[in-house]
Amino acid sequence: MSAVELTVTDLAVARGGVAVLEGLGFRLKAGQVLVLRGPNGSGKTTLLRTLAGLQPPMAGEISLPPEAIAYGAHADGLKGTLTVAENLAFWARIHGTHEIEPALADFNLQALRNRAAHSLSAGQKRRLGLARLLVTGRPIWLLDEPTVSLDQASVALFATAVRAHVAGGGAALIATHIDLGLDADIFDVGPFKADPQAPSRTPSAFDEAFA
Amino acid sequence: MIALLARDLRLAIRAGGGFGLGLAFFLIVSVLVPFAVGPEAEVLARIAPGILWVGALLACLLSLDRIFQLDFEDGSLDLLATAPIPMEGTVAVKALAHWITTGLPLVAAAPVFGALMSLDERGYWWIFVTLLIGTPALSMIGAFGAALTVGLKRGGLLLSLLVLPLYIPTLIFGAEAATRGIGGFDNTTPLLMLAGITAAAVALLPFAASAAIRINLR
C-alpha cells in the first residue's frame, strides 16, 4: 500500500447535469480519516460517486492510484438468496482475495454465516455490507453513511475496523452525521456549494446527451 | 469473471431466480399451437420451425430485464463498476449467464417440443442447430437492450420495443435456415448469416452495453 493518496483539485461535481459542489480541493493521505460533513442534499453522495469513478467530474482533477477505491454506498449489494458467507466470498473472489474469515470476525458475523441474506435484519445487512470493504483489499475506502441502522455496539465494531484499516496504511473518506469516536479530520462541503442558477454551469441538452 | 458467472448461475437456480421461466413459456407455446391450428401433421410440420423460433425468441425476451435490473436495484452494479473486472467483461459474463439459464435449455428442449409439432428427425436436428447458433445473439442483443433501460422503472415494455426490431434478422435467418434444412434444401447462406449475426453481436455489443450502463449509473 505505498503512495496511497487521494488528491482533489478544484473539483466540480454535478447531479442530473446541475452542479452541486464546486471548487473542492483536499488531500487524503495514507493513515488518515476524513469525515465529510454537510446537510442532506449538499452533494456528499455525488462527490463520493464521482471519486469512485461512477460518474465523471464536471471540472477539476482527481488524482489517485489505480484500483485503489472501495466504495460503500447506501445499498449494500447483497443477494437475498445467497448466504452471508456466499455473499462475502463472491466479493472476495471478484477482488482476487480469498480470505473472508477475518472480515466475518471483525463484524461479528460468524454466527450468521449460513443464514440467507434476506433473513438478516437491517443492521446485520449493513454489517455484511461493511465487511465487504475488508475483503476488497483496496486501500482507500469511500463510505456513504456507513452507520445507518447500526446499533452502538456495531458502530464500535465499525470504528475499530476503520482504525485498523488506517493503521495498516489505508485511508478512509466517510460521509456521516454521527461522531464515530475516530481521530478524524473534518471536511465541511457547505462552503463549496455551487450556484445552480449560474448559466455557465448548466450544460446544454446536447452536452448532456453526448457527455 | 468466473466468480460472477458462478454467482449468476447460482442466483438463477435458487428460489425466485427465474430459471425455467423461459422453458415453461416455450412449452406452453408448443403445446397450445397444435390445439389452435388443428392436428393435421402436415400443416404443423410446415409451420413448426417458425413457431418454435418465435416461441424461443419470446421466451428469451421474458427474462431479459432481470439481467441488470436486480443488480442495479440492490447496488451490486455500482460495486461491480468499481471492481477490477472491466465493465465489458461484466456485461459479457452476464449475457453468457442469461444464455446458459435461458437459451441453452431452450436449445436442448427444442427437439422434444418439435415432436409436439409433428417434426421429423431432420426437423429436430435443424431446429437444434439453428437455435444453438442463434440464441447467443438473442441473449447478447437482449443484454444490450437491458443495459439501455437499466435505470428505468417499469422498463420492461420499453426494453421489448427496443429489442424486438433488433431480433428480427436473427429470427428471419434462423427460421429460414431451419425451414430450408427441413425441406432438404441447401441452407448454407442463412446459416452463415445467422452465425455472422451472433459473432458480430458477441464481439461488438459488450462495448456498447457497458457504455450504456456507465451512462445509466451516473
Side-chain angles (χ1 to χ4, degrees), chain A residues 13-17 45-46 48-58 64 66-83 86-98 116-118 125-126 129 132-133 135-138 140-142 144 208-211, chain B residues 1-21 63 66-94 96-97 101 147-148 150-153 208 210-218:
Chain A
V13 297
R15 185 173 56 222
T45 298
T46 310
L48 289 173
R49 289 182 68 85
T50 307
L51 294 176
L54 290 170
Q55 61 179 68
M58 253 191 136
L64 75 167
E67 311 258 298
I69 295 290
Y71 175 56
H74 294 285
D76 292 314
L78 304 176
K79 291 295 175 191
T81 50
L82 299 183
T83 66
E86 281 171 339
N87 267 300
L88 209 51
F90 165 69
W91 290 111
R93 284 182 68 194
I94 286 286
H95 287 272
T97 58
H98 296 278
H118 68 79
K125 281 181 186 160
R126 191 90 268 233
R132 184 188 60 82
L133 296 168
V135 303
T136 60
R138 297 276 179 91
I140 301 177
W141 289 0
L142 301 179
D144 199 353
E208 174 63 13
F210 292 95
Chain B
M1 290 211 255
I2 292 166
L4 182 59
L5 181 64
R7 183 194 71 150
D8 273 19
L9 294 181
R10 188 180 283 166
L11 284 173
I13 294 164
R14 295 259 164 108
F19 180 79
L21 184 69
S63 50
R66 308 180 67 96
I67 298 183
F68 298 114
Q69 195 63 32
L70 297 177
D71 276 343
F72 178 76
E73 281 165 7
D74 67 17
S76 301
L77 206 54
D78 279 348
L79 302 178
L80 284 171
T82 60
I85 301 177
M87 192 45 111
E88 290 80 4
T90 303
V91 170
V93 165
K94 291 189 87 64
L96 176 65
T101 53
L148 282 175
V150 70
L152 302 175
K153 297 260 182 291
S210 72
I213 287 185
R214 285 205 194 92
I215 289 172
N216 278 331
L217 284 183
R218 272 179 210 172

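Sequence lines set the chain letters: A, B, ... in the order given, protein chains first and strands last, and positions in each chain run from 1. Model, not experiment: these values are computed from the prediction.
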Take B:Glu88 and B:Arg214 through the salt bridge (Lys or Arg N to Asp or Glu O under 4.0 Å) test and state the conclusion after the steps. CA-CA 10 Å; B:Glu88 290 80 4; B:Arg214 285 205 194 92; 3.6 Å; yes
Return the CZ to OG1 distance between B:Arg218 and A:Thr46, rounded to the nearest 0.5 Å. 13.5 Å
Interatomic spacing from CZ in A:Arg49 to CG in B:Asp78 - rounded to 0.5 Å: 4.0 Å
Please classify the contact of A:Ile94 with chain B as side chain, backbone, both or neither, using a heavy-atom distance under 4.5 Å. both
Is B:Ile85 in contact with chain A via its backbone, its side chain, both, or neither, using a 4.5 Å heavy-atom distance? side chain
Distance (rounded to the nearest 0.5 Å) between A:Leu82 CG and B:Leu11 CG: 4.5 Å
Pairwise distance CG(B:Leu152) to CG(B:Asn216) - rounded to 0.5 angstrom: 6.5 Å
Using salt bridge (Lys or Arg N to Asp or Glu O under 4.0 Å), reason through A:Asp76 and A:Arg132 one step at a time and then give a plain yes or no. CA-CA 9 Å; A:Asp76 292 314; A:Arg132 184 188 60 82; over 6 Å; no
One option among A:Glu86, A:Gln55, A:His74 has the most heavy-atom pairs under 4.5 Å with chain B, and it is A:Glu86
Where on A:Arg15 is there a heavy atom nearer than 4.5 Å to chain B: the side chain, the backbone, both, or neither? neither
Below 4.5 Å, heavy-atom pairs only: which of B:Ala83, B:Gly75, B:Pro84 has the largest tally toward chain A? B:Pro84
Who among A:Ile69, A:Leu78, A:Thr50 has the most heavy-atom pairs with chain B under 4.5 Å? A:Leu78
Please look at B:Leu77 and chain A and tell me whether the side chain, the backbone, both or neither of the residue comes under 4.5 angstrom of a heavy atom of that chain. neither
